[in-house]
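Below, all heavy atoms of this structure are taken into account, side chains as well, without hydrogens, waters or symmetry copies.
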Amino acid sequence: MPKVKLTDAMVSAALPQKTIYDLNDTETPGLQCVINPKGKKTFKLRVRNFEKKIGAFPSIKCAEARKTALMWYGELIKGDKLGGKEEAPAKNQDVTVDTVIQEYLDYKQSGKHALASSTFYDYNWIWKKYLSPALGNKLVSQLTDVDVNIYFASLKDTYSHIKASRLILKPALEYGESMGYAVATLRPDKWLKFKTNKKERYFTAGELKRLRELLAERYKKKGLWETQYKQLIVLELLVYTGCRCGEILNLRWSDVFLDDGYIQLWKTKTKKGRIVPIIPHINELLTKIPKIKDGIYVFSSIKKPNSPIAYTSLITLWLSIMKQGKFNEMDIERLTIHSLRHTFITVANRTGISPWTIATLVGHTLGNSITGLYIHHNLEELKKAQSQIIDALREGRY
């Protein structure tokens with residue numbers, strides 16, 4: 001929480017980050033400007049356990065925010081309330097399932113425990129597409145296990161939607177209860193469960209060949225705009241590195257070391273940094289990426305140069321390619337963009353790469369393996385393994 005003298009120019013120039021953060025004023029006790037990942041900037045007074053919103057910038061300027069904060073701070077001193085908490089509004093009112101889910105997803109969109117952008121997108125889509133039409137208008141005080149099970153039964157042919165709905169509904173209701181809403185007592189252990197289809201979620205050699213052909217066709221398409229061109233490179237990198245979407249989309253130029261032959265990843269699911277070797281094919285993809293002047297991210301957005309391409313726009317392209325290739329028309333578990341990671345790891349295993357080397361390449365934890373913990377790979381070992389995997393992927397030898 002840096003301390004600075006808040007000015008209109010400084011607040012205006014402050015850029016959003018991956019997580020929510022605040023700037024604390026050096027002149028006014030407790031005055032801070034809170035900036036969320038979407039770029040919204042809000043003035044607040046926070047003194048010990050007391051917190052109160054002043055207003056959003058630029059509707060409220062720094063001078064006005066400072067004046068209000070000083071007035072409130074003086075009132076707190078006079079009332080000797082500095083050690084107490086601001087009284088929260090009574091929330092025992094009855095609200096709908098939609099209201100609770102909306103508040104829960106808003107809460108999980110930023111902060112230390114924020115959902116990954118891809119997970120947030122999936123949850124938001126499931127809520128609006130399935131949960132809301134079925135249960136959204138029901139009051140949380142009147143929601144029953146029967147209501148939930150009827151809804152789950154309606155999705156019995158799409159197991160993944162049931163799984164996602166469960167992952168949204170249960171914590172959202174727990175969140176609503178913690179916020180004081182009159183949530184009915186439910187028994188999630190009694191909710192219906194369905195087994196998934198048995199299809200392995202990876203691209204077969206034939207499917208991957210078809211996908212690569214479709215990507216090649218898209219590159220040659222007339223009127224290909226820069227955003228889609230970058231998105232096609234993202235998809236190729238996902239195929240040949242096994243990285244997660246967020247790891248590639250949030251990659252910064254400062255973490256790409258072409259001369260030294262590796263990419264340094266920091267924004268990983270496990271919160272541990274790792275390196276991705278740059279072999280000739282990966283180098284070729286990286287050097288094709290058009291750079292935006294002063295752009296921070298490798299895959300910078302055209303409209304917002306200081307932000308990466310949105311996950312949602314990448315998924316839109318992905319779904320278009322899946323439809324064109326008729327990959328998901330049969331009544332089997334869908335191939336998703338995460339299936340590219342499954343494919344990379346599957347091929348790595350089938351080409352005889354050590355499990356510990358695979359874990360190092362893709363950023364998996366080594367579990368309780370003492371041997372794995374004592375193995376440290378150098379860059380040349382990782383490059384050799386990466387080359388073997390990419391050769392097998394490109395030649396369909398798996």
Side-chain angles (χ1 to χ4, degrees), residues 91 94-202 244-246 269-271 311-312 314-315 318-319 322 328 330-342 364-365 367:
K91 271 199 173 182
D94 219 347
V95 296
T96 64
V97 172
D98 265 348
T99 299
V100 171
I101 293 178
Q102 175 72 74
E103 286 193 19
Y104 169 70
L105 290 179
D106 285 346
Y107 167 71
K108 296 293 284 184
Q109 194 170 7
S110 62
K112 185 177 179 181
H113 302 291
L115 296 170
S117 58
S118 57
T119 304
F120 179 85
Y121 169 82
D122 290 339
Y123 282 10
N124 199 54
W125 184 81
I126 289 289
W127 164 47
K128 292 181 178 177
K129 179 77 174 179
Y130 296 102
L131 262 167
S132 182
L135 302 174
N137 290 328
K138 289 187 177 292
L139 297 173
V140 290
S141 65
Q142 297 177 14
L143 186 67
T144 67
D145 293 317
V146 173
D147 294 328
V148 176
N149 283 330
I150 290 174
Y151 163 64
F152 283 169
S154 72
L155 298 176
K156 59 184 175 60
D157 294 327
T158 52
Y159 169 82
S160 59
H161 294 161
I162 296 175
K163 182 179 179 182
S165 296
R166 186 186 297 271
L167 290 173
I168 299 166
L169 193 57
K170 184 175 181 290
L173 293 173
E174 290 174 348
Y175 170 83
E177 187 174 9
S178 70
M179 296 303 290
Y181 292 127
V183 179
T185 302
L186 300 176
R187 295 280 305 277
D189 57 305
K190 297 296 182 182
W191 292 353
L192 292 177
K193 298 180 178 67
F194 295 91
K195 290 186 178 179
T196 182
N197 293 313
K198 296 298 182 181
K199 184 182 188 307
E200 294 176 281
R201 294 172 61 250
Y202 73 97
R244 302 175 180 90
C245 278
K269 185 177 180 180
T270 59
K271 310 299 183 186
Y311 173 79
T312 51
L314 179 66
I315 290 301
W318 174 261
L319 293 176
M322 291 296 98
N328 294 321
M330 298 176 64
D331 186 23
I332 54 179
E333 188 170 358
R334 298 171 64 82
L335 285 165
T336 68
I337 200 167
H338 196 66
S339 299
L340 298 176
R341 182 171 166 85
H342 281 254
H364 278 163
T365 56

Exercise. If you measure from OG on Ser154 to OH on Tyr130, what distance do you get to the nearest 0.5 Å?
Worked result: 9.5 Å
Exercise. Distance only, no hydrogens: is a donor on one side chain within 3.5 Å (strictly under) of an acceptor on the other, for Trp191 and Asn149?
Worked result: no
For this session: Give, for atom CG of Asn124 and atom CD1 of Ile168, the distance between the pair rounded to the nearest 0.5 Å.
Result: 8.5 Å
Problem set entry | Spatial distance of atom OH (Tyr151) from atom CG (Leu143) [nearest 0.5 Å] | 12.0 Å
Problem set entry | Exercise: identify the closest heavy-atom pair between Arg201 and Thr336 | NH2-OG1, 3.5 Å
Exercise. Measuring from Arg341:CZ to His364:NE2, what's the distance to the nearest 0.5 Å?
Worked result: 4.0 Å
Problem set entry | Proximity of His338 and Trp318 rings by center, below 6.0 Å | no
For this session: May I ask you to check whether Asp98 and Gln102 show a side-chain donor-acceptor distance below 3.5 Å?
Result: no
Exercise. Are any of the side-chain heavy atoms of Trp125 and Thr312 separated by less than 4.5 Å?
Worked result: no
Exercise. If you look at every heavy atom in Ala172 and Val100, which pair is closest and at what distance?
Worked result: O-CG1, 3.0 Å
Exercise. Taking C-beta and beyond as the side chain, do Gln109 and Leu115 meet within less than 4.5 Å on heavy atoms?
Worked result: no
Exercise. Should Ser339 and Tyr202 be marked as a side chain to side chain contact (heavy atoms under 4.5 Å, CB included) after you check the CA-CA gap, both sets of side-chain angles, and the distance that decides it?
Worked result: CA-CA 5 Å; Ser339 299; Tyr202 73 97; 5.7 Å; no
Exercise. Within a reach of under 6.0 Å around CZ of Phe120, are more than 12 heavy atoms found that belong to other residues, nucleotides or ligands?
Worked result: yes
Problem set entry | Lys108, NZ atom: more than 12 neighbouring heavy atoms under 6.0 Å | yes
Exercise. How close do Ser141 and Ala184 get, heavy atom to heavy atom, and via which atoms?
Worked result: O-CB, 3.4 Å
Seminar exercise, completed: Nearest heavy-atom approach of Lys138 to Ala134 is CE-O, 4.4 Å
Problem set entry | Least distance between heavy atoms, His161 atom then Ile126 atom | CD2-CD1, 3.4 Å
Exercise. Hey, is the main chain of Leu192 close enough, under 3.5 Å, to the side chain of Arg166 for a donor-acceptor pair?
Worked result: yes
Problem set entry | From Asp189 atom CG to Asp145 atom CG, the distance as rounded to the nearest 0.5 Å | 8.0 Å
For this session: Report the distance from atom CG of Leu131 to atom CG of Leu155, rounding to the nearest 0.5 Å.
Result: 8.0 Å
Exercise. Can you tell me if Asp122 and Thr119 form a side-chain donor-acceptor pair at under 3.5 Å?
Worked result: no
For this session: Report the C-alpha separation of Tyr181 and Glu103 in whole Å, then their side-chain angles, then the decisive distance to 0.1 Å, and conclude whether the side chain to side chain contact (heavy atoms under 4.5 Å, CB included) test is met.
Result: CA-CA 12 Å; Tyr181 292 127; Glu103 286 193 19; 2.6 Å; yes
Problem set entry | From CA spacing to verdict: side chain to side chain contact (heavy atoms under 4.5 Å, CB included), Ile337, Ile315 | CA-CA 8 Å; Ile337 200 167; Ile315 290 301; 3.9 Å; yes
Exercise. Does the side chain of Glu174 pick up a donor-acceptor pair with the side chain of Tyr104 at under 3.5 Å?
Worked result: no
Exercise. Looking at Leu319 and Arg334, what are the two nearest heavy atoms and their distance?
Worked result: CD2-NH2, 4.2 Å
Problem set entry | Asn137 and Thr96: side chain donor to acceptor below 3.5 Å | no
